[in-house]
Amino acid sequence: MKTKILTPHVYWAQRHGEIYLRVELSDAKVGQWTTSTLGHGAKGEHEYEFSLEFLEPVRPEINHKSTQRQVDIKIKKQEERWWDRLTLQEKKPVFLAPDFDRWLDESDAEMELQAKEEEKINKISVESRVRKDPYLGLKRGYLFMYNLVQFLGFSWIFVNMTVRLFILGQDSFYDTFHSTADMMYFCQMMAVLEVVNPLLGLVKTGFFPAMIQVAGRNTILFVIFGSLEEMQNRPVVFFVFYLWSTIEIFRYPFYMLACIGTEWKLLTWLRYSIWIPLYPLGVIAEAVAVIQSLPIFDETRLFSLPLPAVMGQSLSFSCILQLYLALMFLGLFINFRHLYKQRRRRYRSRKRKVH
């Protein structure tokens, strides 16, 4: 009696240059790979067979690996490009499904390629980098000291506010500005260097995300809190300063260790995870500060812009702040997307190193 040939479940994923197939067959007896093999599938031990007509040409060599649970197949594309689908026919075969363990969309795959390029660059020896850049040690020393000073500054603010909160309770909310403003002024003026450093090529972070964050914080600190005495005794100052300092006491030591080629895994996890809840909360606290300041600017006419007599006497600064409020949430989206990409790229790179 002729044995019935069955079709196994096949899962697929792609990169720009490869196709990955995962065939659900355990204990498969595979010699030189063909699309027909003997193994344990969904219906027991049978001979299984499948065929696929790919969307575009592929290279003839096929790499396969058989395990106790499955058969993994890797096929090289003839031309490195992203395919809209796997098969030439538009209708997907019933036995074929996406492999979500490997699945990436096109933008994620491009990020993976970029991360691989960065990894290749990072493999260059320290000696060769020193020969190409004789000032590398000086640059690293400067960045280390900058991050150390910022870490100490924000740590002082964080510890000061925490101790006062435990001793005074809610009363500490109302004098946060007077007790910590000088140090916050210093740290935020120093933070302007984070906009300068990318321009000088000292760090690889983007110029615009750094500029958005520094400009936004300095607007809140110097324009709203610093120029309006009515705002300085409000609880919102406590929440803005506390959220800022909490983020920075993890960010700056991470950069310090990176300057000397050292990594602390717990700190790395905190650096790339704690901002996820804290960064949006910080923006919300800043937005509350802006909203609370609007009637004060309307009443005092501080920073109002003079207008021609035909148009009126002046334009209240609160109108500009309302526009800034909208831009603030746009900046939140840009910065959040930038930081999230950094996090994904970081952990994908680490996952590849582990494997």
Side-chain angles (χ1 to χ4, degrees), residues 111 114-115 117-124 126 128-158 183-223 241 243-264 267-268 270-275 278-279 282-283 286 327-328 330-346 349:
M111 286 175 58
Q114 184 180 354
E117 292 299 321
E118 290 178 2
E119 190 174 354
K120 289 180 183 177
I121 295 172
N122 291 334
K123 287 181 180 178
I124 301 173
V126 174
S128 64
R129 280 185 284 173
V130 171
R131 286 196 296 270
K132 291 179 181 178
D133 186 358
Y135 301 106
L136 182 61
L138 184 62
K139 292 176 181 178
R140 285 182 173 175
Y142 155 73
L143 291 173
F144 181 87
M145 290 305 300
Y146 167 76
N147 289 299
L148 174 61
V149 169
Q150 289 289 71
F151 169 65
L152 293 175
F154 279 106
S155 295
W156 184 91
I157 295 170
F158 179 82
M183 183 59 72
M184 187 62 80
Y185 280 145
F186 172 77
C187 290
Q188 282 307 125
M189 286 189 290
M190 287 281 291
V192 174
L193 292 174
E194 296 186 23
V195 181
V196 177
N197 290 339
L199 293 176
L200 298 179
L202 297 176
V203 294
K204 294 181 180 179
T205 54
F207 164 74
F208 285 106
M211 184 186 69
I212 289 170
Q213 178 169 321
V214 172
R217 284 191 179 184
N218 285 348
T219 299
I220 299 296
L221 178 62
F222 291 99
V223 177
F241 282 12
L243 288 165
W244 286 358
S245 59
T246 304
I247 292 172
E248 304 304 16
I249 61 174
F250 296 111
R251 186 167 71 99
Y252 285 115
F254 170 80
Y255 289 143
M256 283 168 51
L257 294 179
C259 291
I260 58 176
T262 305
E263 181 181 3
W264 182 22
L267 181 62
T268 301
L270 289 169
R271 155 72 181 103
Y272 284 103
S273 301
I274 201 167
W275 62 266
L278 293 185
Y279 183 60
V283 173
E286 293 172 24
L327 294 175
M328 181 186 297
L330 177 61
L332 167 66
F333 172 76
I334 294 172
N335 256 330
F336 199 90
R337 186 170 180 267
H338 171 74
L339 291 169
Y340 186 70
K341 282 185 176 180
Q342 275 190 336
R343 186 178 189 274
R344 293 184 70 181
R345 192 158 49 235
R346 175 80 185 184
S349 176

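Scanning all heavy atoms of the two residues, the minimum distance from Ile157 to Cys187 falls at CD1-SG, 4.5 Å. Taking each heavy atom of Leu221 and Phe241 in turn, the nearest pair found is CD1-CZ, 3.6 Å. Taking all atoms of both residues into account, the shortest heavy-atom contact from Gly153 to Met183 is O-CG, 3.6 Å. Across Ala191 and Val214, no two heavy atoms sit closer than the pair O-CG2, 3.5 Å. Shortest non-hydrogen contact noted between Asn197 and Leu143 is ND2-CD2, 4.0 Å. Of all the heavy atoms in Leu199 and Val195, the pair that sits closest is CG-O, 3.6 Å.
For the atom pair CG (Asn147) and OH (Tyr142), the distance works out to 9.0 Å, reported to the nearest 0.5 Å. To the nearest 0.5 Å, atom CZ of residue Phe222 and atom CE of residue Met189 are 5.0 Å apart. How far CG of Leu257 is from CZ of Arg271: 12.5 Å, rounded to the nearest 0.5 Å. With values rounded to the nearest 0.5 angstrom, Leu202 atom CG is found 6.0 Å from Lys139 atom NZ. Rounded to the nearest 0.5 Å, atoms CG (Leu267) and OG1 (Thr262) are 11.0 Å apart. With values rounded to the nearest 0.5 angstrom, Trp156 atom CH2 is found 10.0 Å from Met184 atom CE.
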(message) Could you go through Asn218 and Val192, starting from their C-alpha distance and side-chain angles, then the distance that decides it, and tell me whether this counts as side chain to side chain contact (heavy atoms under 4.5 Å, CB included)?
(response) CA-CA 9 Å; Asn218 285 348; Val192 174; 4.0 Å; yes
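Remark: aromatic rings of Tyr255 and Phe151 are distant, center separation not under 6.0 Å.
Partners of Phe158 according to the ring pair (Phe, Tyr, Trp, His ring centres under 6.0 Å) rule, which considers only residues two or more places apart in sequence or in another chain, are Tyr242. Shown here are the ring pair (Phe, Tyr, Trp, His ring centres under 6.0 Å) partners of Phe144, two or more places apart in sequence or in another chain: there are none. Applying the salt bridge (charged side-chain N to carboxylate O under 4.0 Å, His left out) criterion to Glu248, with sequence neighbours excluded, gives Arg217, Arg251.
More than 12 heavy atoms of other shown residues, nucleotides or ligands fall within 6.0 angstrom of atom CE in Met190.
Counting heavy atoms from C-beta outward, Leu278 and Phe250 have side chains that stay 4.5 Å or more apart. Between Phe186 and Val149 the shortest side-chain heavy-atom distance falls below 4.5 Å.
Taking the six-membered ring for Trp and thresholds of 30 and 60 degrees, Tyr252 and Tyr146 have ring planes more than 60 degrees apart, a perpendicular arrangement.
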